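Everything numeric in this text was worked out from a predicted model, so none of it was measured. Index from 1, following the sequence.
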Amino acid sequence: MWSLTLRNRTWANPLAWEVIGVIDTEGDRAEWSFPAEAGAVRAARAAVRARLCDWGLDSLADIAALLVSELVTNSLRHATGPIDVRLVRPNRLGDVLLVEVSDPLPDPPRERVPHLEDESGRGLQLVAHSSQRWGTRPGRNAGKTVWFELAVPEDPGRLPGPCTTRQ
């Protein structure tokens with residue numbers, strides 16, 4: 001386990017991707033810890049997309065990045081302290097990709113039905129409808145973890161994804 005600081009000045013906002021604590025990216029899992037700052041959403045989305053591309057799971061990169069950005073946004077709105085993101089690669093095709101977002105707040109998120117005019121409140125609905133399964137559990141040390149699973153296609157190489165269309 002190690003920590004890495006990345007400074008990417010190519011974004012429109014030069015502070016958008018200031019610090020990422022890389023916990024582990026070896027083997028079949030990847031973990032990052034992001035500061036509770038606005039740039040965390042963009043950084044988490046980019047880290048998830050890049051790791052899934054590295055793993056050859058291009059077809060899951062966009063939806064996983066979208067759902068992670070929703071959960072990291074929720075953590076920024078309701079919790080303070082670091083936000084951890086973890087990916088667990090499936091052992092074989094046809095299994096599921098496990099994605100976890102953890103924060104120090106112990107209260108589980110509540111899914112709600114927003115009014116048509118509401119500008120927020122749809123993130124958990126998006127997670128629920130886009131994933132195979134999702135849920136919450138107590139965090140490893142404290143706080144909580146919100147997790148979801150995405151089905152890995154039997155042949156993910158045939159489906160286009162951001163790794164082949166946005167390079």
Side-chain angles (χ1 to χ4, degrees), residues 3-90 96-105 109 111 119-136 139 143-153 156 159-167:
S3 181
L4 173 68
T5 300
L6 298 176
R7 297 195 186 283
N8 182 338
R9 301 287 185 188
T10 61
W11 298 97
N13 175 354
L15 299 178
W17 190 352
E18 264 307 306
V19 177
I20 298 176
V22 178
I23 298 170
D24 186 7
T25 59
E26 298 298 320
D28 291 336
R29 65 187 173 111
E31 295 182 64
W32 303 270
S33 184
F34 301 95
E37 299 171 358
V41 176
R42 179 181 287 180
R45 193 170 45 239
V48 165
R49 185 175 278 124
R51 177 56 56 199
L52 292 177
C53 288
D54 288 347
W55 285 346
L57 297 174
D58 304 20
S59 63
L60 297 180
D62 279 340
I63 189 64
L66 173 66
L67 299 182
V68 163
S69 66
E70 290 293 333
L71 295 179
V72 170
T73 299
N74 283 352
S75 292
L76 283 173
R77 281 193 168 165
H78 304 291
T80 59
I83 301 164
D84 296 336
V85 176
R86 181 174 184 246
L87 303 176
V88 179
R89 180 169 50 177
V96 295
L97 171 73
L98 173 64
V99 181
E100 299 176 341
V101 176
S102 302
D103 64 49
L105 186 70
E111 191 174 356
E119 293 185 15
S120 64
R122 293 171 179 82
L124 287 178
Q125 287 184 345
L126 188 61
V127 171
H129 292 290
S130 300
S131 63
Q132 186 168 321
R133 293 187 325 148
W134 79 281
T136 63
K144 69 171 170 310
T145 296
V146 181
W147 58 269
F148 62 88
E149 295 176 344
L150 296 174
V152 176
L159 302 174
C163 310
T164 55
T165 60
R166 289 196 198 123
Q167 291 292 329

Are [X] and [Y] side-chain neighbours, meaning at least one heavy-atom pair lies under 4.5 Å?
X	Y	result
L57	P90	yes
R86	W147	no
L67	F148	yes
R45	V68	no
V85	V48	yes
N74	V146	no

For [X] versus [Y], what's the shortest heavy-atom pair and its separation?
X	Y	value
W32	R51	CH2-CB, 3.8 Å
I63	L150	CG2-CD1, 3.8 Å
R89	W55	NH1-CD1, 3.1 Å
L124	P109	CD1-CB, 3.4 Å
R49	A61	CG-CB, 4.0 Å
A44	V72	CB-CG2, 4.0 Å

(message) Just verifying a value: how many Å separate D28 CG and L98 CG, rounded to the nearest 0.5 Å?
(response)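 One gets 12.0 Å once the value is rounded to the nearest 0.5 Å.
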(message) Nearest 0.5 angstrom please: L76 CG to I83 CD1, how far?
(response) 4.0 Å
(message) Among S102, S33, S75, which residue satisfies the side-chain hydrogen bond (donor to acceptor under 3.5 Å, both in side chains) criterion with D84?
(response)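 Looking at S102, S33, S75, the match for D84 under the side-chain hydrogen bond (donor to acceptor under 3.5 Å, both in side chains) is S33.
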(request) Name all residues meeting the side-chain contact (heavy atoms from CB on, under 4.5 Å) criterion together with P104; count only those two or more places apart in sequence or in a different chain, and write none if there are none. (result)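 Only A79, P82 meet the side-chain contact (heavy atoms from CB on, under 4.5 Å) criterion with P104.
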